[in-house]
A.B. asks: 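Got a structure here, written out as structure tokens. Questions coming.
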Protein chains: 2
Amino acid sequence: MARQPRSRRERPSKPALSREGIVEAALHLFHQEGLAKVTMRRVAAVLDTGPASLYVYISDTEDLHAEILDALLAGVAVPSSSADWRGRLKGTLRSYMAVLFEHPELARMAMSTMPSGANYLALVETILALLNEGGVPDADAAWALDLLLLYATAQAAEKAAWKASSRSPSEFSSLTVAIEAADAEALPNITRLSGDLLSGGGDRLDWAFDVLINGVLAARRAETKA
Amino acid sequence: MARQPRSRRERPSKPALSREGIVEAALHLFHQEGLAKVTMRRVAAVLDTGPASLYVYISDTEDLHAEILDALLAGVAVPSSSADWRGRLKGTLRSYMAVLFEHPELARMAMSTMPSGANYLALVETILALLNEGGVPDADAAWALDLLLLYATAQAAEKAAWKASSRSPSEFSSLTVAIEAADAEALPNITRLSGDLLSGGGDRLDWAFDVLINGVLAARRAETKA
DNA sequence: ACCTGAACACCGTTCAAGT
DNA sequence: ACCTGAACACCGTTCAAGT
């Protein structure tokens, strides 16, 4: 009654390791338990091997995390041509931020990891195309891309940090406390603006995007204004 | 010949623990070995005690690192009134960025830690005062502060990440590789702009600051332009 | 070439017990 | 109240050895 006697291993085909397989396992772990648990040791455990085995395909923990970020970036949606280029640009940036914001830990990672995967490149391509449609000269577009992406990423990271702050749920942040306790004589501007500083404001993001886009468009005209 | 027989400990006055003392030790460690070595265990070792002892004064590793960031921020210089407000604003931001840039690990920390120490508040006060001098309305100034500081921090973090990239010294980043290898048909804009994208450019920072400042000044006039 | 066990050199945080 | 030893539950990375 021996069945399949040609192999006596329990799981006859423990799949061979590969970068894709490792990334898949990492992604699974990420969705299940968050970025903090995506460690070399844990991913290796999922694949039923030791951490050392991963180093054939993955150079670093950072390498692994970058792969997760790019996978998530597949979820960035580009608004279809319903709106003008400015609207679509804002929509794209908002979608990018939404992805980062859904995963607080990811946002801060995006600040330091400098993604370079296929999905990130697609996002870059989309933004460049929109700027081109808006008449931004190529040389300016490259710098504008940086400005827009940097702002969106940083803003998402900040919001995410605020969201994930286990620090003091009631008082938004220690900054709030510091501002409210600010010495009115030494820090008159902070005292006077304390309300505005802590408002957060619903249209702040839209305001910022317009500041950036208008600024870029204005810079186009007068290139050498010093 | 017994000298000072009233105590037989080697170091008769191991100084009592205090938040200040702990921060001082952490700062020392930071300057000596970098942020990565500023761990609870190592700081405790410097103070000749165990890690558990620190938790009376320090809530977190994050708490400890935030304290280091604020201490470093004491080095931010505000240009004296030689230039106009715009020049002084740019100078202040540049000085802030220079501090972060000197310590690569610190820059990325600044993105996620949301400083709230005395030196950070002083920086905020300075920027608000300059915006006020430039005629930016209070409500706008609060948002502009955020925009400027976020950009400066993010840019410093990005530069720092690039600087500290042990990844591939010859090829700046994997992004460079990805861009150069980009499929010309699928990613036409990236291909066309690849030179500009990788240039880095010397006046990029100045260009960005002007985009931001001009954008803020323009937003003041037409508050509800949609 | 690929995979692995085992080791090296660390971490943050908690807690019961002491002073 | 403050301080501590010891433990708990982990890390990343390397390397000699195996297949």
Side-chain angles (χ1 to χ4, degrees), chain A residues 6-26 29-30 32-68 105 108-109 112-113 164-168, chain B residues 7-26 29-30 32-68 105 108-109 112-113 161 164-168:
Chain A
R6 59 208 154 97
S7 170
R8 56 173 52 89
R9 273 172 293 162
E10 311 287 295
R11 289 194 281 148
S13 57
K14 178 174 130 181
L17 287 179
S18 70
R19 183 167 240 264
E20 288 74 29
I22 294 171
V23 169
E24 195 186 350
L29 217 40
F30 171 74
Q32 223 85 114
E33 322 207 36
L35 190 67
K37 298 300 176 75
V38 181
T39 67
M40 291 300 217
R41 292 182 109 104
R42 274 192 138 86
V43 171
V46 168
L47 295 169
D48 199 19
T49 183
S53 307
L54 306 186
Y55 283 84
V56 178
Y57 306 97
I58 307 285
S59 62
D60 244 14
T61 302
E62 199 181 322
D63 188 13
L64 195 61
H65 286 182
E67 208 66 64
I68 288 176
E105 314 131 296
R108 79 158 60 181
M109 196 185 76
S112 43
T113 288
S165 92
S166 54
R167 194 160 280 278
S168 27
Chain B
S7 168
R8 57 173 50 92
R9 273 172 293 162
E10 311 288 295
R11 291 194 280 147
S13 58
K14 180 174 128 179
L17 287 179
S18 70
R19 183 168 238 264
E20 288 73 29
I22 293 170
V23 170
E24 195 186 350
L29 217 40
F30 171 74
Q32 223 84 113
E33 322 206 39
L35 191 67
K37 299 301 176 75
V38 181
T39 66
M40 291 299 217
R41 293 182 107 104
R42 275 194 137 85
V43 171
V46 167
L47 295 169
D48 200 19
T49 183
S53 307
L54 306 186
Y55 283 84
V56 178
Y57 306 97
I58 307 286
S59 62
D60 245 13
T61 302
E62 200 182 321
D63 187 13
L64 195 60
H65 286 182
E67 208 65 66
I68 288 175
E105 314 130 296
R108 79 159 59 183
M109 196 187 76
S112 42
T113 288
S165 90
S166 55
R167 193 162 281 279
S168 26

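Chain naming here is simple, since letters A, B, ... match the order of the sequence lines and numbering starts at 1 in each.
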A.B. asks: Strictly by Watson-Crick or wobble contacts shorter than 3.5 Å, is anything paired with C/dC8, and which nucleotide is it?
C.D. replies: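 Checking every strand shown, C/dC8 finds its partner in D/dG12, with both distances under 3.5 Å.
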A.B. asks: When rounded to the nearest Å, what value does the distance between C1' atoms of C/dC11 and D/dA6 take?
C.D. replies: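 These two C1' atoms come out 16 Å apart once rounded.
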A.B. asks: Base, sugar-phosphate alone, or nothing: which one does B/Thr61 contact when heavy atoms must sit under 4.0 Å apart?
C.D. replies: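 B/Thr61: backbone/sugar contact only, no base atoms under 4.0 Å.
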A.B. asks: Do any N or O atoms from the side chain of B/Arg19 and from the backbone of B/Tyr57 form a donor-acceptor pair under 3.5 angstrom?
C.D. replies: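 Yes; judged by distance alone, with no hydrogens or angles, the pair exists.
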A.B. asks: Measure CG/B/Leu17 against C1'/D/dT4 and give the value in whole Å, please.
C.D. replies: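 It is 11 Å, rounded to the nearest whole Å.
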A.B. asks: Do A/Leu47 and A/Leu54 have side chains that approach each other closer than 4.5 Å (heavy atoms only, starting at C-beta)?
C.D. replies: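 Yes, side chains in contact.
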A.B. asks: Using heavy atoms to find the nearest nucleotide of DNA chain D for A/Val38 and B/Ser53 separately, return the residue whose nucleotide is more 5′.
C.D. replies: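 Counting from the 5' end, the first nearest nucleotide belongs to B/Ser53.
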A.B. asks: Work out how far the C1' atom of C/dT14 is from that of D/dC3, and round it to whole angstrom.
C.D. replies: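 Roughly 14 Å separates the two C1' atoms.
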A.B. asks: Establish, with yes or no, whether the OP1 or OP2 oxygen of C/dC3 is under 4.0 angstrom from a side-chain nitrogen or oxygen of A/Tyr57.
C.D. replies: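 Yes, A/Tyr57 has a side-chain N/O under 4.0 Å of OP1/OP2 on C/dC3.
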A.B. asks: Check whether any side-chain heavy atom of B/Val56 sits under 4.5 Å from a side-chain heavy atom of B/Leu17, and report yes or no.
C.D. replies: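 Side chain of B/Val56 against side chain of B/Leu17, heavy atoms only: no contact under 4.5 Å found.
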A.B. asks: Could you tell me how far apart B/Tyr55 (OH) and C/dA16 (P) are, to the nearest whole angstrom?
C.D. replies: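 To the nearest whole Å, that distance equals 17 Å.
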A.B. asks: Between protein and nucleic acid, restricted to nucleotides 17-19 of chain C and to nitrogen or oxygen atoms under 3.5 Å apart, what atom pairs and distances do you find?
C.D. replies:
none

A.B. asks: How long is the line joining CD1 of A/Ile22 and P of C/dC3, in whole Å?
C.D. replies: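 Spelled out: CD1 on A/Ile22 to P on C/dC3 is 8 Å.
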A.B. asks: Please report the distance, rounded to the nearest Å, between CG in B/Asp60 and P in C/dT13.
C.D. replies: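 Taking atom P of C/dT13 as the reference, CG of B/Asp60 is at 5 Å.
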A.B. asks: If I take atom CG in residue A/Leu54 and atom P in nucleotide D/dG12, what distance separates them, rounded to the nearest angstrom?
C.D. replies: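 It works out to 10 Å between those atoms.
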A.B. asks: Could you work out the separation of D/dA17 and C/dC2 based on their C1' atoms and round it to a whole Å?
C.D. replies: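 Their C1' atoms lie roughly 13 Å apart.
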A.B. asks: Taking all non-hydrogen atoms of both residues into account, name the closest pair between A/His65 and A/Met109 and its distance.
C.D. replies: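 Closest heavy-atom pair between A/His65 and A/Met109: O-CE, 3.1 Å.
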A.B. asks: Measure the distance from CE on A/Met40 to P on C/dC11 and round it to the nearest whole Å.
C.D. replies: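 So the two atoms are 20 Å apart, to the nearest Å.
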A.B. asks: Quick one: A/Arg41 CZ to C/dA6 C1', roughly how many Å, whole number?
C.D. replies: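 It is 10 Å, rounded to the nearest whole Å.
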A.B. asks: Does a side-chain N or O of B/Thr49 approach OP1 or OP2 of D/dC3 to a distance below 4.0 Å, or not?
C.D. replies: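 Negative; the distance criterion is not met.
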A.B. asks: Quick one: label A/Thr39 by what it contacts on the DNA or RNA (base, sugar-phosphate, nothing), any heavy atom closer than 4.0 Å.
C.D. replies: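 Sugar-phosphate, backbone atoms only, no base.
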A.B. asks: Determine which nucleotide pairs with D/dT19, using a 3.5 Å limit on both distances of a Watson-Crick or G-U wobble pair.
C.D. replies: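 By the stated definition (distances under 3.5 Å), C/dA1 pairs with D/dT19.
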A.B. asks: Report the distance from atom CG of A/Asp48 to atom P of C/dC3, rounded to the nearest whole Å.
C.D. replies: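 In whole Å, C/dC3 P and A/Asp48 CG are 13 Å from each other.
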